[in-house]
Every structure is written in structure tokens, then in C-alpha cells.
Amino acid sequence: MTNRNLRRQRILVTGGAGFVGSHLIDRLLERGDEVLCVDNLFTGDKSNLDHLADQPRFEFVRHDVCFPLYVEVDQIFNLACPASPIHYQFDPVQTTKTSVSGAINMLGLAKRVKARIFQASTSEIYGDPSVHPQPESYWGNVNTIGPRACYDEGKRCAETLFFDYHRQHNLEIKVARIFNTYGPRMHPGDGRVVSNFIIQALQGEPITIYGDGQQSRSFCYVDDLVEGFLRFMDAGPDFPGPLNLGNPNEFTMLELSELVLEITGSKSKLVKMPLPQDDPRQRQPDISLARAKLDWEPKMQLREGLTKTIEYFDELLKRNAGPVEGLSRPTR
Ligand code: NAD
Ligand code: UDP
Ligand code: UDP
């Protein structure tokens, strides 16, 4: 590892034009690192990086991680992968390729340049969990052939690859299992519950509750998540994870809709829609390990985080004036 005091770290962020990646890049640049962002702009957007146009320590390369990449870096954050169900189900074969071939290429790169490498894994590897809340020791309950499998199984295989490179090649790895995260720069057409409810409320459209709305999720604000990434990455090499990162405060989708309606002051009505196949009933991270090892826990309460996210979408909708349906189709 390069000594931070001797020279700047050069850090590769794959998927850096996306929601989480763009916030991570902001933090890395703020602390003085050089950042190379690699993204194929499948679900990400360069507008998330527009504010960095004059930043000399930032570089963008349009590239698909399914293909080999030869660059010289000190650390790698591997975030490249569509994250929302409608995006990862749009081209499921490509989703698995991104997770698996992308992981192999980034691990091969890390091995060659002796870089520490972080993997953005997911709570989805727990599937529809039969243990609640989910500790890292839980092995999960995933349907291998369902519509979510391209993402869940791709991410599970990536975890396997990370740990095999760690054991076989002594690679320094950091595997984080991220739970539902929200905040500014979420893709307005990604169909995720937080962006859907906010946009529907702001536009006075019906709020779409899938199923009975009693299913639960635990929502983490993006700044809290990124803080967890950095603490984990900078912790010693003897702590590869896997590590849950998320907010343990759990809400039903009905509770979330009520909060969004209250903050926006919207008069939107609720409308019930069918529950998507294999939709997990509940999800809540057990973050005891992150608390103990990193002294990390989320600080942002849902009400405050939603208020910031609503401000972002309000501004975005005013700029783009009109309904957002046209934004929901990913491009490659
Ligand atoms: P996002 O879709 O906004 O960002 C993903 C980025 O990866 C996009 O910029 C996209 O263009 C890029 N990408 C996709 N395929 C690629 C490829 N083959 N080559 C290069 N770039 C590619 O999603 P996000 O919410 O920012 O998620 C970032 C990471 O965190 C993903 O790996 C995701 O699986 C993981 N994660 C996110 C959440 C969440 O709630 N946001 C939860 C669990 C895990
Ligand atoms: N790889 C890459 N960049 C590098 C080194 C490797 O993209 O700087 C890719 C390479 O295409 C290879 C993969 O990473 O297929 C795995 O590399 P590794 O050295 O582990 O395996 P091998 O090259 O022996 O198949
Ligand atoms: N959901 C909903 N209405 C929407 C979008 C999603 O009720 O307009 C539900 C969805 O069925 C799921 C939860 O909200 O139970 C979270 O969905 P999301 O796609 O945000 O994330 P994930 O299912 O991957 O956790």
C-alpha cells in the first residue's frame, strides 16, 4: 500500500457515474485523492459528475468492466452494476456478466497492481430472508431461477471470487453488503420505492403500493453509507468482511408513503398494485459488526434524509418540466 503521506492515492471507482459512486467520488476528492472513474453509462449519467469538470484530480473513462482494463491504481472500489430491479432485469444476462466478468477483471487488475479492492455487494444476497434481522453469518434464501437471480446470484458469485482471490492470491479485499440506500442523484426512473414515491407525490400522481404495503425495508442515507465505505476500506487488511452497511431502522412501504406525503404536503392517493415476484417480505441489517469494528452507524434519520432527497427531485423535476416516464429506460 502506498503511504498517504508520500504521495496521493490514485483510486479507481467503477460505476462512478451512478448514484452511490458519484457521492463516493466527491468524498475521495474532498480528502485529496486522485480518482479515475470507469463507467459504461448504462444506468449512470455524466451529469452526476458535471460539477467535477474543472477538477484536475478527476478523470472519466467510458468502459464496460466486462472487458479487461489496464490502468495503474492504488485502490479499487468496484461498484459497476445496475442496482434497481427494473434496471438489472432489463438485460439480465448483461447483469450477471457485469457482476461476474466485471469482478474477475477488477480482481485481476488488483492482483497485478497489488491494490486493495472493495466490492459493493448487497443485502440481496440474503434473498427473502428467513432470519431477521440479517447478520453477516446468515447464508441467505435466494431463488436461483427467478427474475431477481441475475443480480442476487451474480453478486453472490462475485463475493465467492473476492474471497477466493483473497485466499489464493493474498489479495486485500473488502466486501460490503449494502442495504437499501437513498438520496440525491438516485435515477428518477429507476422504479425504486423512494424515488417512485417522491416523484409521484411531487407530481400529484397516485402513490403505487405493491402488494399490501406491509413489506419492510431499512433505508440508509447515501452520506452515511459512503462514510461506512471509507472506514471499512481504511481499516486493516485483516478485516475482509463481509460487512453489512445499512440503516437498521425498519419501515413498511405504507409508513414510507405516509412520511413522503406528509413532507411533500401532497394530496396524492394510494393505489395498490401487484407485488413483484420474489419480492422480499422484510429486510433489516444487523450492523453489530460495523459498530464494533468501525465505530460506524448511520446518523441521518429517515425524515431528514427524505427531506433532502425531496428537495433534489423537486429541483430536478422543475429543470426537466414534465413527467419522468421517458427517463425510465436505461441506455447503453
Ligand atoms: P446505479 O445504477 O446508480 O450505479 C451503477 C453504475 O454502474 C452506473 O453508473 C452504471 O452505468 C454502471 N455500470 C453498470 N454496468 C456497468 C458495466 N458493465 N461497466 C461499467 N459500468 C457499469 O446504482 P447504485 O445505486 O449507485 O449502486 C452502486 C453499487 O452499489 C452497485 O454495485 C449496487 O449493486 C450496489 N448496491 C446499491 C444499493 C442501493 O440501495 N443503492 C444497495 C445494494 C447494493
Ligand atoms: N485483467 C485486467 N487488468 C489487469 C490484469 C488482469 O483486466 O491489469 C483481467 C484479465 O483480462 C484476466 C482477469 O483480469 O482475464 C483475471 O486476471 P488473473 O491474472 O487473475 O487471471 P488470468 O489472467 O491468469 O486469467
Ligand atoms: N415498491 C412499492 N412501490 C413502488 C416501488 C417499490 O411498493 O412504486 C416496493 C417493492 O415491492 C419492495 C419495496 O418497495 O417491496 C422496495 O423496492 P425497491 O425496488 O426500492 O428495492 P428492493 O426491492 O430491491 O429492496
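One-based numbering, in listed order, for ligands and for the atoms of each. Note that the structure is predicted; figures quoted are calculated from it, not measured. The basis for the numbers below is simple: all heavy atoms, side chains too, and nothing from hydrogens, waters or symmetry mates.
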With a heavy-atom distance limit of 4.0 Å, tell me whether [X] approaches ligand 3 through its side chain, its backbone, both, or neither.
{"X": "Val194", "answer": "neither"}
{"X": "Ser123", "answer": "neither"}
{"X": "Arg281", "answer": "neither"}

Under 4.0 Å to a heavy atom of [X] - the qualifying atoms of ligand 3, by number:
{"X": "Pro276", "result": "11 (O)"}
{"X": "Met253", "result": "13 (C), 14 (O)"}
{"X": "Asn196", "result": "4 (C), 5 (C), 8 (O)"}

### Query
To the nearest 0.5 Å, how far apart are CG in Asn105 and CG in Asn78?
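Interatomic distance, Asn105 CG to Asn78 CG, rounded to 0.5 Å: 9.5 Å.
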### Message
Using a strict threshold of under 4.0 Å (side-chain N to carboxylate O), is an ion pair present between Arg156 and Asp152?
### Response
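Between Arg156 and Asp152 there is no salt bridge, as every charged N stays at least 4.0 Å from the carboxylate O atoms.
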### Query
Is any NZ, NE, NH1 or NH2 atom of the basic residue among Arg112 and Glu72 found under 4.0 Å from an Asp or Glu carboxylate oxygen of the other?
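Salt bridge flag = yes for Glu72 with Arg112.
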#### Entry: Apart from Met273 itself, residues in the same hydrophobic cluster as defined by side-chain heavy atoms under 4.5 Å
Tyr210, Leu275
### Message
With a 4.0 Å heavy-atom cut-off, what residues sit around ligand 2?
### Response
Pro68, Leu69, Tyr70, Ile104, Asn105, Gly108, Leu109, Lys111, Arg112, Tyr165
### Message
What does the 4.0 Å heavy-atom contact list look like for ligand 1?
### Response
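Near ligand 1, by chain and number: Gly15, Ala17, Gly18, Phe19, Val20, Asp39, Asn40, Leu41, Phe42, Thr43, Gly44, His63, Asp64, Val65, Leu79, Ala80, Cys81, Pro82, Ala83, Gln94, Thr98, Ala120, Ser121, Thr122, Tyr151, Lys155, Ile178, Asn180, Thr181, Arg192.
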### Message
I need the full list of ring pair (Phe, Tyr, Trp, His ring centres under 6.0 Å) pairs touching residues 136-171, with sequence neighbours left out, sorted by first then second residue.
### Response
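Every pair satisfying ring pair (Phe, Tyr, Trp, His ring centres under 6.0 Å) with a residue in residues 136-171: Tyr88-Tyr151, Tyr126-Tyr138, Tyr165-His169.
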